[in-house]
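Structure first, then comments.
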Amino acid sequence: MTGEVADLALEVNSVLREYLSIQNRIFKFSLKKALGLFRPDPLEASEAVVPLLDRLEKVRVGIKGLSPSEESEEGRFLMVLRAYSRAMSKAMGSFRDLCVKLERHKKDRKYRKGPYLEDMKSFQEMETSYLEIGLKLNELKKLISEESEK
């Protein structure tokens, strides 16, 4: 894998790790949250995603600038990486929307019993989309690694 391609893939991986950290602050169980000692700030989380979205856009522009061809494994990898970053951006947008709704309805129990479940389902579907593309991306990465070892 060429240096530019590896750099783009590493940037996407870095964005993913930062995004998951932000997401975990909101959704991951913790004893401090359960005891009311820590209250996650959905608006802060929503805003923290904005620079990550910008970074993913730069990755997509970088991929487009390389003009990948489906005729090579590396080209296919770049095209899937671009689809992955696009799907991750959509999931991040959904996460941001959900965070805004959580803040808006933080004292509204009716939201938690109805619309929240629908919003969470929609968000999870978008998450699943980029995760499925990620599986394809990992397969291509393995294939490229195996070919380079030959």
Side-chain angles (χ1 to χ4, degrees), residues 1-34 38 40-105 111-112 114-150:
M1 189 177 298
T2 64
E4 288 178 304
V5 174
D7 289 346
L8 291 170
L10 289 171
E11 175 65 0
V12 170
N13 187 311
S14 175
V15 168
L16 173 64
R17 290 180 187 281
E18 290 177 45
Y19 170 57
L20 292 176
S21 174
I22 293 165
Q23 196 183 84
N24 285 341
R25 286 192 303 238
I26 300 296
F27 296 127
K28 188 175 181 181
F29 175 81
S30 80
L31 197 53
K32 286 182 178 181
K33 284 185 211 175
F38 172 73
D41 184 348
L43 289 182
E44 180 183 307
S46 174
E47 290 306 311
V49 170
V50 173
L52 301 179
L53 289 166
D54 293 340
R55 287 169 57 191
L56 284 177
E57 180 59 29
K58 288 178 184 173
V59 166
R60 287 195 301 276
V61 168
I63 292 170
K64 191 174 184 179
L66 292 175
S67 302
S69 165
E70 283 192 50
E71 305 204 2
S72 70
E73 294 298 329
E74 195 171 85
R76 282 192 283 282
F77 178 83
L78 281 170
M79 294 179 92
V80 174
L81 183 63
R82 188 170 177 198
Y84 179 78
S85 61
R86 191 177 319 113
M88 193 187 327
S89 291
K90 287 181 182 179
M92 287 180 179
S94 179
F95 174 76
R96 289 192 72 216
D97 293 343
L98 183 60
C99 285
V100 169
K101 288 178 182 179
L102 285 171
E103 180 64 26
R104 190 177 329 137
H105 298 287
Y111 174 72
R112 291 287 186 160
Y116 171 75
L117 299 174
E118 294 169 23
D119 292 341
M120 184 57 91
K121 181 181 177 188
S122 174
F123 165 68
Q124 288 172 336
E125 287 171 356
M126 291 203 181
E127 290 278 299
T128 299
S129 174
Y130 88 79
L131 292 172
E132 287 173 353
I133 296 170
L135 293 174
K136 293 176 191 171
L137 198 58
N138 287 337
E139 288 174 16
L140 283 169
K141 167 67 173 86
K142 286 179 188 175
L143 190 62
I144 292 170
S145 293
E146 290 169 1
E147 284 185 9
S148 69
E149 290 175 3
K150 292 180 183 178

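Values reported hereafter were calculated over all heavy atoms of this structure, with side chains retained and with hydrogens, waters and symmetry mates removed. Numbers for residues simply follow the sequence, beginning at 1. No experiment lies behind these values; they were computed from the predicted model shown.
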- request: Return each pair, listed once, that meets ring-ring contact (aromatic ring centres under 6.0 Å, His included) where at least one residue sits in residues 41-66; pairs must be two or more places apart or across chains.
  value: none
- prompt: side chain to side chain contact (heavy atoms under 4.5 Å, CB included) with Glu139: which residues, sequence neighbours excluded?
  reply: none
query: Quick one: side chain to side chain contact (heavy atoms under 4.5 Å, CB included) partners of Asp41, sequence neighbours excluded?
result: Leu43, Glu44, Glu103
Could you give the side-chain donor-acceptor pairs of residues 114-125 under 3.5 Å, partners two or more places apart or in another chain?
unit_1, atom_1, unit_2, atom_2, d
Asp119, OD1, Lys101, NZ, 3.3
Asp119, OD2, Tyr111, OH, 2.7

statement: So salt bridge (charged side-chain N to carboxylate O under 4.0 Å, His left out) across residues 59-69, not counting sequence neighbours, yields Glu57-Arg60
field: Residue pairs, two or more places apart or on separate chains, that pass salt bridge (charged side-chain N to carboxylate O under 4.0 Å, His left out) and touch residues 80-92
entry: none
In Å and rounded to the nearest 0.5 Å, what is the [atom1] to [atom2] distance from [X] to [Y]?
X      : Y      : atom1 : atom2 : result
Ile144 : Ser72  : CD1   : OG    : 7.5 Å
Leu137 : Leu78  : CG    : CG    : 9.5 Å
Ser89  : Tyr19  : OG    : OH    : 10.0 Å
Tyr84  : Leu140 : OH    : CG    : 13.5 Å
Leu98  : Phe95  : CG    : CZ    : 7.5 Å

message: According to side chain to side chain donor-acceptor pair (under 3.5 Å), does anything in residues 24-34 pair up with another residue at least two apart or in another chain? List the pairs.
response: none
Sequence-distant partners of Phe77, ring-ring contact (aromatic ring centres under 6.0 Å, His included), two or more places apart: none
query: Among all residues two or more places apart in sequence or in another chain, which pass the salt bridge (charged side-chain N to carboxylate O under 4.0 Å, His left out) test with Glu127?
result: none
What side-chain donor-acceptor pairs closer than 3.5 Å can you find for residues 1-16, not counting sequence neighbours?
unit_1, atom_1, unit_2, atom_2, d
Thr2, OG1, Glu74, OE1, 3.4
Glu11, OE1, Arg55, NH2, 3.4
Glu11, OE2, Arg55, NE, 2.6
Glu11, OE2, Arg55, NH2, 3.3
Asn13, OD1, Arg17, NE, 2.8
Ser14, OG, Glu18, OE2, 3.3
Ser14, OG, Arg55, NH2, 3.1

For a quick test of your reading: what N or O donor-acceptor pairs under 3.5 Å do the side chains of residues 45-54 make, sequence neighbours left out?
unit_1, atom_1, unit_2, atom_2, d
Ser46, OG, Arg96, NE, 3.2
Glu47, OE2, Arg96, NH2, 3.2

